[in-house]
Amino acid sequence: MSQYDNVSVVKKANVYFDGKCVSHTVVLADGTKKTVGVILPSSLTFNTGAPEIMEGVGGSCRVRLKGESEWKTYGEGQSFNVPGNSSFEIAVAEGDAYHYVCHFG
């Protein structure tokens, strides 16, 4: 799916890590919330409340989930799951940007 139709968008951006990650919340007609955003070159750690599925829609990143020692690479068309009440490290290389949709629940 390349677009979402019939949605509401929260106008104020979610800005994290001094602007290295910026997203907007999108609310679908059924009330489902997602965020659509970009992570600029950096190494960041995110904490999760609810489980998340991070869907890559452009660029690439390396990810290490909490408790894992190995980094895995993800790109456009690939996704990874993050458990709730957990965390993950994400690294985006210089000259790249990782575009994503975050699906909650």
Side-chain angles (χ1 to χ4, degrees):
M1 169 185 285
S2 63
Q3 71 180 38
Y4 293 109
D5 295 321
N6 303 315
V7 301
S8 298
V9 176
V10 177
K11 290 194 286 186
K12 185 173 181 178
N14 307 303
V15 180
Y16 304 100
F17 303 103
D18 297 321
K20 292 178 183 140
C21 177
V22 178
S23 69
H24 282 274
T25 301
V26 176
V27 183
L28 304 181
D30 67 1
T32 302
K33 291 183 182 180
K34 301 180 183 299
T35 57
V36 177
V38 65
I39 299 174
L40 300 176
S42 55
S43 293
L44 310 172
T45 301
F46 286 91
N47 295 307
T48 61
E52 299 178 4
I53 299 171
M54 292 286 286
E55 173 191 359
V57 295
S60 65
C61 65
R62 293 183 319 118
V63 173
R64 181 168 57 185
L65 299 175
K66 181 179 181 179
E68 294 187 1
S69 58
E70 186 177 319
W71 288 84
K72 296 178 183 169
T73 301
Y74 297 93
E76 183 175 341
Q78 297 178 310
S79 61
F80 60 93
N81 297 313
V82 184
N85 300 312
S86 187
S87 65
F88 66 99
E89 296 172 77
I90 187 165
V92 177
E94 198 63 41
D96 201 359
Y98 179 66
H99 302 258
Y100 67 89
V101 175
C102 182
H103 308 267
F104 297 99

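Small disclaimer: the values here were computed from a predicted structure and weren't measured.
- Using a 4.5 Å cut-off between side-chain heavy atoms of Ile, Leu, Val, Met, Phe, Trp and Tyr, with links allowed through other members, Val10 and Val7 fall into different hydrophobic clusters.
- Considering only residues two or more places apart in sequence or on other chains, Thr48 meets the side-chain contact (heavy atoms from CB on, under 4.5 Å) condition with Glu52, Val82, Ser86, Phe88.
- Residue pairs meeting the salt bridge (Lys or Arg N to Asp or Glu O under 4.0 Å) criterion with at least one member in residues 24-48, sequence neighbours excluded, do not occur.
- Ser60 meets the side-chain hydrogen bond (donor to acceptor under 3.5 Å, both in side chains) test with Asp96; sequence neighbours excluded.
- Listed here is the closest heavy atom pair of Ala91 and Ser43: CB-OG, 3.8 Å.
- One hydrophobic cluster, built from ILVMFWY side chains closer than 4.5 Å, holds both Leu44 and Val63.
- One finds the OG atom of Ser23 at 13.5 Å from the NE2 atom of His99 (value rounded to the nearest 0.5 Å).
- In this structure, OG1 on Thr35 lies 7.0 Å from CE on Met54, to the nearest 0.5 angstrom.
- With sequence neighbours excluded, the residues forming a salt bridge (Lys or Arg N to Asp or Glu O under 4.0 Å) with Glu89 are Arg64, listed by chain and number.
- In terms of hydrophobic clustering, with Ile, Leu, Val, Met, Phe, Trp and Tyr side chains grouped at heavy-atom distances under 4.5 Å, Phe104 and Ile53 are assigned to different clusters.
- The hydrophobic cluster containing Val57 does not contain Ile39, counting ILVMFWY residues as joined when their side-chain heavy atoms lie under 4.5 angstrom apart, directly or transitively.
- Nearest approach of Ala50 to Gly105, heavy atoms of both residues: CB-N, 4.4 Å.
- Rounded to the nearest 0.5 angstrom, Tyr98 OH and Cys21 SG are separated by 10.5 Å.
- Linking Ile, Leu, Val, Met, Phe, Trp and Tyr whenever their side-chain heavy atoms come within less than 4.5 Å puts Val92 and Phe80 in one cluster.
- Taking the side-chain hydrogen bond (donor to acceptor under 3.5 Å, both in side chains) definition, one finds that Asp5 meets it with Gln3, sequence neighbours left out.
- Residue pairs meeting the ring pair (Phe, Tyr, Trp, His ring centres under 6.0 Å) criterion with at least one member in residues 16-35, sequence neighbours excluded: Phe17-Phe46.
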